Amino acid sequence: MPVFTDPTRLLALTAFALLSALAGADDVDLAASCGECHALAAPAPGATAADARLSEQAPPLWYAGNKFRQEWLEVWLQHPQRIRPAGHVPARHTVSTDDGDQIDVESLPEHPAFPAGKAGQFAAALSRLRPHDALVEAEDYTPGSVAMRMGTMDFRRFKGCIGCHRDREETGGISGPELAGAWQRLQPEYLVSYIRDPRAWDPAAAMPPPGLNDRAIHNLVNYLRVIAEE
Ligand code: HEC
Ligand code: HEC
């Protein structure tokens, strides 16, 4: 379903389309190909977080250039795989049963896939969307090591991230994106900065701010790297 019911978003999308056309963005038109589901412009200042999220069909892409690794984007757009086990808005894809909430897998859409050339162009165009350069530059993170056992205990038991995220295939909560592949998918500074303050990235972010210090955050990001390289 198109999400053009919100006039401010429509205006923002139109402005985005015009700017992209002026910049001659590699012959791909993100607004036309992706704008039906993804937000390509920041929400209007007046919009509340709840409004923004309820009108969304898919995760926001307006800060994609500060978030994703470009090489991951290029591969994923050719072979998309599910990142959010219960979809972008889990309430739309879960059913209550006697055994608790379960994912209604049938209701989860398949992502469109693109041939290599197009995927490369989309990845390049997304990588130019960098409204959050300042957040990235504010971080000072050098990858370090953490013992697997300590890292797992920290992520699962001490920090409680497992309640909403998977850190291994099929292990963990389903309301947040899976994080077993986070290191391959996401830029390290995004990981650090997002865990510090999700709402600095997206006013509609559904993750509560964990309130952690630098050291705790860096340890968690080191853990995401260690599990990715396992
Ligand atoms: C029909 C709706 C739809 C269209 C059209 C669409 N997407 Fe998506 N996209 C989604 C949904 C839903 C997800 C969430 C999938 C998941 O998390 O498993 C998603 C996820 C993504 C992600 C991962 C986002 C994240 O934060 O993890 C990227 C990148 C992406 N799409 C890029 C694109 C690009 C580029 C286009 C246009 C060429 C596009 N999409 C077109 C619905 C769509
Ligand atoms: C109450 C549930 C909840 C808890 C607890 C939680 N998160 Fe999240 N997290 C989310 C949701 C939901 C999102 C996606 C945000 C959105 O869609 O607005 C997210 C997003 C993220 C992202 C960005 C992933 C991406 O693909 O963009 C990272 C990284 C992350 N969380 C790490 C953590 C870490 C580390 C912890 C533990 C300190 C944690 N989260 C605790 C719900 C949670």
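These numbers were taken from a predicted model, which means no experiment stands behind them. Note that ligands are numbered from 1 as they come in the structure, with each ligand's atoms numbered from 1 the same way. Scope of the values below: all heavy atoms of this structure, side chains included, with no hydrogens, waters or symmetry mates.
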**Q** Under the side chain to side chain contact (heavy atoms under 4.5 Å, CB included) test, which residues partner Ser33, sequence neighbours left out?
**A**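 Ser33 satisfies side chain to side chain contact (heavy atoms under 4.5 Å, CB included) with Phe122 once adjacent residues are dropped.
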
**Q** Is there a side-chain hydrogen bond (donor to acceptor under 3.5 Å, both in side chains) between Asp133 and Asn66? Walk through the geometry before answering.
**A** CA-CA 7 Å; Asp133 279 345; Asn66 292 123; 2.8 Å; yes

**Q** Just to check, does Ser175 reach to within less than 4.0 Å of ligand 2 when the distance is taken from its heavy atoms?
**A**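 Yes, Ser175 has a heavy atom closer than 4.0 Å to ligand 2.
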
**Q** Are Val105 and Val89 connected, step by step, through hydrophobic side chains (Ile, Leu, Val, Met, Phe, Trp, Tyr) whose heavy atoms are closer than 4.5 Å?
**A**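 Each belongs to a different hydrophobic cluster.
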
**Q** I'd like to know: is atom 8 (Fe) of ligand 2 within the 2.8 Å range of an N/O/S atom from Met207, strictly under that distance?
**A**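 Within the cut-off used here (under 2.8 Å), Met207 does place an N, O or S atom near atom 8 (Fe) of ligand 2.
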
**Q** Taking only non-hydrogen atoms of Ile217, do any sit less than 4.0 angstrom from ligand 2?
**A**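 Checking ligand 2 against Ile217, which is what was asked, there is no heavy-atom contact under 4.0 Å.
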
**Q** In terms of relative ring orientation, are Trp183 and Tyr141 parallel, tilted or perpendicular, with 30° and 60° separating the classes?
**A**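 The rings of Trp183 and Tyr141 stand perpendicular, inter-plane angle above 60°.
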
**Q** Quick one: which ligand 2 atoms are inside 4.0 Å of a heavy atom on Cys164?
**A**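 Near Cys164, the atoms of ligand 2 are 1 (C), 2 (C), 3 (C), 4 (C), 5 (C), 42 (C), 43 (C).
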
**Q** Under the salt bridge (Lys or Arg N to Asp or Glu O under 4.0 Å) criterion, do Arg196 and Glu139 qualify, and how do the steps go?
**A** CA-CA 10 Å; Arg196 185 186 306 288; Glu139 295 300 341; 2.8 Å; yes

**Q** If the cut-off is 4.0 Å to any non-hydrogen atom of Ala205, which atoms of ligand 2 fall inside it?
**A**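 Ligand 2 atoms under the 4.0 Å threshold to Ala205: 18 (O).
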
**Q** At less than 4.0 angstrom from any non-hydrogen atom of Leu191, what atoms of ligand 2 do you find?
**A**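 Near Leu191, the atoms of ligand 2 are 29 (C).
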
**Q** Check whether any side-chain heavy atom of Met207 sits under 4.5 Å from a side-chain heavy atom of Cys164, and report yes or no.
**A**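 The answer is no; the side chains never approach within 4.5 Å.
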
**Q** Is the Trp201 ring parallel, tilted or perpendicular to the Tyr190 ring (thresholds 30°, 60°)?
**A**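 Ring orientation, 0 to 90° scale: perpendicular.
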
**Q** Run through all N or O atoms in ligand 1 and write down each protein N or O closer than 3.5 Å, as a pair with its distance.
**A**
| residue | atom | partner | partner atom | Å |
| --- | --- | --- | --- | --- |
| ligand 1 | 7 (N) | His38 | NE2 | 2.8 |
| ligand 1 | 7 (N) | His111 | NE2 | 2.8 |
| ligand 1 | 9 (N) | His38 | NE2 | 2.8 |
| ligand 1 | 9 (N) | His111 | NE2 | 2.8 |
| ligand 1 | 17 (O) | Arg84 | N | 3.1 |
| ligand 1 | 17 (O) | Arg84 | NH1 | 2.6 |
| ligand 1 | 18 (O) | Ile83 | N | 2.7 |
| ligand 1 | 18 (O) | Arg84 | N | 3.2 |
| ligand 1 | 26 (O) | Lys67 | NZ | 2.9 |
| ligand 1 | 26 (O) | Arg84 | NH2 | 2.9 |
| ligand 1 | 27 (O) | Arg84 | NH1 | 3.1 |
| ligand 1 | 27 (O) | Arg84 | NH2 | 3.0 |
| ligand 1 | 31 (N) | His38 | NE2 | 2.8 |
| ligand 1 | 31 (N) | His111 | NE2 | 2.8 |
| ligand 1 | 40 (N) | His38 | NE2 | 2.8 |
| ligand 1 | 40 (N) | His111 | NE2 | 2.8 |

**Q** So how far is it from Gln121 CD to Lys118 NZ, rounded to the nearest 0.5 Å?
**A**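 Between atom CD of Gln121 and atom NZ of Lys118 there are 5.5 Å.
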
**Q** Run the numbers on Tyr194 and Asp202 for side-chain hydrogen bond (donor to acceptor under 3.5 Å, both in side chains), then give the verdict.
**A** CA-CA 9 Å; Tyr194 194 93; Asp202 177 3; 5.9 Å; no

